[in-house]
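Worksheet: one structure, shown below.
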Amino acid sequence: MERAWWKEAIVYEIYPRSFMDSDGDGVGDLRGIISRLDYLKELGIDVIWLAPVYQSPNDDNGYDISDYQAIMKEFGTMEDFDEMLEGIHARGMRLVMDLVVNHTSDEHAWFVESRSSKTNPYRDYYFWREGKDGREPNNWGSCFSGSAWKYDETTDMYFLHVFSKKQPDLNWDNPKVREDVFSMMNWWCEKGIDGFRMDVISFISKEEGLPDGPKFPGALHGFPRCVNGPHVHEYLQEMNREVLSKYDLMTVGECSGVTIEEAKKYARADGKELSMVFQFEHVGLDDGKFGKWTDRRMELKGFREVMSKWQTELEGKAWNSLFLGNHDQPRSISRFGNDDPRYREVCAKMLATCIHMMQGTPYLYQGEELGMTNCPFETLEELRDIESINAFHELTESGKIDPEDMMRYINLRGRDNARTPMQWDDSANAGFTTGTPWIKVNPNYTKINAMAQQKDPNSVFHYYQKLHRLRKEEDVIVYGKYQLLEPESESLYVYTRTLEKDKLLVICNFTDQEVSYRIPEEFSNGRILIGNLREEGTSAEETVQLKPYEAIVLKVVQE
Ligand code: GLC
């Protein structure tokens, strides 16, 4: 397997609105990030993925961009950005920017022009269609509820928005759109950034003629018509020629709906498209009839099967990305683990071990290194996320879900869980702001915060630090081959990693019960490389008795 810096890197996602506020307006900003760069360095991460900081009316917290080459006023200035980039590089870290080019804001100059008349030169930058029998042009639904089309009086036509009404989809079939996007990307690369995380990039090529999608209950009828479309690989290869290949970048495509076969194309090993993709199969396993709005829990069996499939099938062909949480997902400890105070810390470490020992580039979402949990939201007024708010109205007003149940589902699965302010210390507002935070602070910040964990050598923070150090020391963690053991176990996730003579055995107990496990013969002389309850360097018994949520990594000692 070919080596690459981005295969060996640990990535940390910053959601700037909630990371650190420097000026007391209740909204995180770039100077806030600058003030916490030493913290990130101490944690041992290599790359920061920065969620959008571009100018935006914030219908979807910056994923609706009105100027790609300006910084959002609330976040600071371009000078702040340059200083932040310099500070990141000075500490030996790199910066990956969010690239949101499936759509713009409706306040972007291209759309303002496009909307103004049927003959405007920018008309074809977006999808404009006539209505059909007094209705929308097709049956596609928006990811944020309702139809994916909005009627516009100016020219008596509809425009397509797969996300919110303020996020019109760009028409990538128009070569001028591609040219403008590529030149904007080159501009950022010339500034010295180190890569892009490409927002919903699997959506940029729509099926020709925009035909109706197959109907299935509670889902977006248009989804299969929008993802992995006929020209997506052609456009990404063009992007690679025009931009990516000219710089030393790390790129990751957010690819909902991606299959293994598709991933092999997006992240092809010859580097003609992207470095890697985010796949979402493991975070769709707990979906129900109404998609994510359910109280279903993920089962170990399904999780293990999906993770193992991606590990084995991409081996040598394309590179994996590893994540349990991000700004669109609930907190990983609450969802995959157990956030009960009795188990929270040990369980957060177990989940970290399970993911970080796999093949691929690990992504950590801000606060995950502290074991931050979901936040109790009591009323609709406390919510900020357009997705949850719209879904609440759509599903309760149509009588499909009872309001109380819906609130419970939002508490389990809503995106605001990940967006509450970073918990820095036990002072007011968790040390995030001296003002009024834009979204509520999780009340558990007095117990769970960075300052307390930095002081405690047994904290989740320090455990992540160790994992990060190990990845630098042990090639087998990065490049080793994965093999699943115990595929039928009800409680354990067990796998091995092998790189020539180096061999690791990873055992994770996913339950709150004690479980015994007989160590396979070839690991009998193994020593603990890392464990959340055992001391490093010690050996294990022939049959280990794993405590609730215990994780053990054994490394074979070479004779
Ligand atoms: C991606 C982003 C999400 C955003 C959506 C539309 O899924 O991660 O936050 O709402 O794209 O841009």
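The first residue of the sequence shown is numbered 1, and numbering continues consecutively from there. Atoms within a ligand are numbered from 1 in the order they appear, just like the ligands themselves.
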ask   = Among protein heavy atoms, which lies nearest atom 4 (C) of ligand 1, and at what distance?
value = Asp60 OD2, 3.3 Å

query = If you count the atoms of ligand 1 from 1 in the order shown, which ones are under 4.0 Å from a heavy atom of Arg419?
reply = 9 (O)

request  = Could you see which bit of Phe144 sits under 4.0 Å from ligand 1, with heavy atoms only: side chain, backbone, both or neither?
outcome  = side chain

Arg129 side chain reached by Phe159 side chain, heavy atoms, under 4.5 Å = no

query = With backbone taken as N, CA, C and O and side chain as the heavy atoms from C-beta onward, which portion of Glu387 lies under 4.0 Å from ligand 1: side chain, backbone, both, or neither?
reply = neither

4.0 Å heavy-atom contact, His103 with ligand 1 = yes

query = Within 45 degrees of the axis of the six-membered ring of Trp140 and under 6.0 Å from its centre: does Arg225 put its NZ or CZ there?
reply = no

ask   = With distance as the sole test, does Gln167 use its side chain to make a donor-acceptor pair with the main-chain N or O of Ser164 at under 3.5 Å?
value = yes

note = Note: heavy atom closest to atom 3 (C) of ligand 1, options Asp328, Asp385, Asn102, belongs to Asp328

query = Under the 3.5 angstrom rule, does the side chain of Asn320 hit a backbone N or O of Trp310 as a donor-acceptor pair?
reply = yes

request  = Any atoms of ligand 1 less than 4.0 Å from a non-hydrogen atom of Val200? List them with their elements.
outcome  = 1 (C), 7 (O), 11 (O)

task = Identify, by atom number and element, the atoms of ligand 1 in contact range of His327, meaning under 4.0 Å from any of its heavy atoms.
result = 2 (C), 3 (C), 8 (O), 9 (O)

ask   = For ligand 1, does Glu13 get within less than 4.0 Å through its side chain, its backbone, both, or neither, judged by non-hydrogen atoms?
value = neither

Contact atoms of ligand 1, heavy-atom distance to Glu254 under 4.0 Å = 1 (C), 7 (O), 8 (O), 11 (O)

query = Which residue supplies the protein heavy atom nearest to atom 1 (C) of ligand 1, what is that atom called, and how far is it?
reply = Asp199 OD1, 2.8 Å

